[in-house]
Amino acid sequence: MKLDKKYQKILYEMEFSSRKPISKIAKSVGLSKEVTNYRIKKLESEGIIEYYRTIFNLFNFEKDYYHIFMKLRDFH
């Protein structure tokens with residue numbers, strides 16, 4: 001699937017906030033809500049958008065946050 005400028009703009013808008021209402025995405029892209037919704041569904045059906053995920057900014061919770069990576073050997 002070849003992505004024209006409108007598809008690229010939709011993906012750009014969704015990159016930072018996929019929960020943004022379609023009406024706001026449509027307004028910033030310059031398309032109607034219906035056309036924008038159709039294009040998003042097309043991106044999903046073509047496999048370009050596979051899933052949506054949530055990323056928490058844990059610093060907003062005023063808690064310390066650490067990643068701990070461990071490699072275990074000979075663990076039975």
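Computed from a prediction, not measured in an experiment: that's the story for all the values here.
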Sorted by chain and residue number, the side chain to side chain contact (heavy atoms under 4.5 Å, CB included) partners of K27 (sequence neighbours excluded) come out as none
Taken in chain and number order and not counting sequence neighbours, the residues that satisfy side chain to side chain contact (heavy atoms under 4.5 Å, CB included) with S28 are E13
- What is the minimum heavy-atom distance between G30 and K6, and which atoms define it?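 Distance-wise, the nearest heavy atoms are O-NZ, 4.0 Å.
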Tracing side-chain contacts under 4.5 Å among Ile, Leu, Val, Met, Phe, Trp and Tyr outward from V29 reaches M1, L3, Y7, I10, L11, M14, I22, I25, L31, V35, I40, L43, I48, I49, Y52
* **Set of residues satisfying ring pair (Phe, Tyr, Trp, His ring centres under 6.0 Å) with respect to Y12, sequence neighbours excluded** =>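 So Y12 forms a ring pair (Phe, Tyr, Trp, His ring centres under 6.0 Å) with F16.
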Atom NZ of residue position K41 - does it have more than 12 heavy atoms of other residues, nucleotides or ligands inside 6.0 Å?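 For K41, atom NZ is not crowded (no more than 12 foreign heavy atoms under 6.0 Å).
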#### Entry: All salt bridge (charged side-chain N to carboxylate O under 4.0 Å, His left out) counterparts of K24, not counting sequence neighbours
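K24 satisfies salt bridge (charged side-chain N to carboxylate O under 4.0 Å, His left out) with no other residue.
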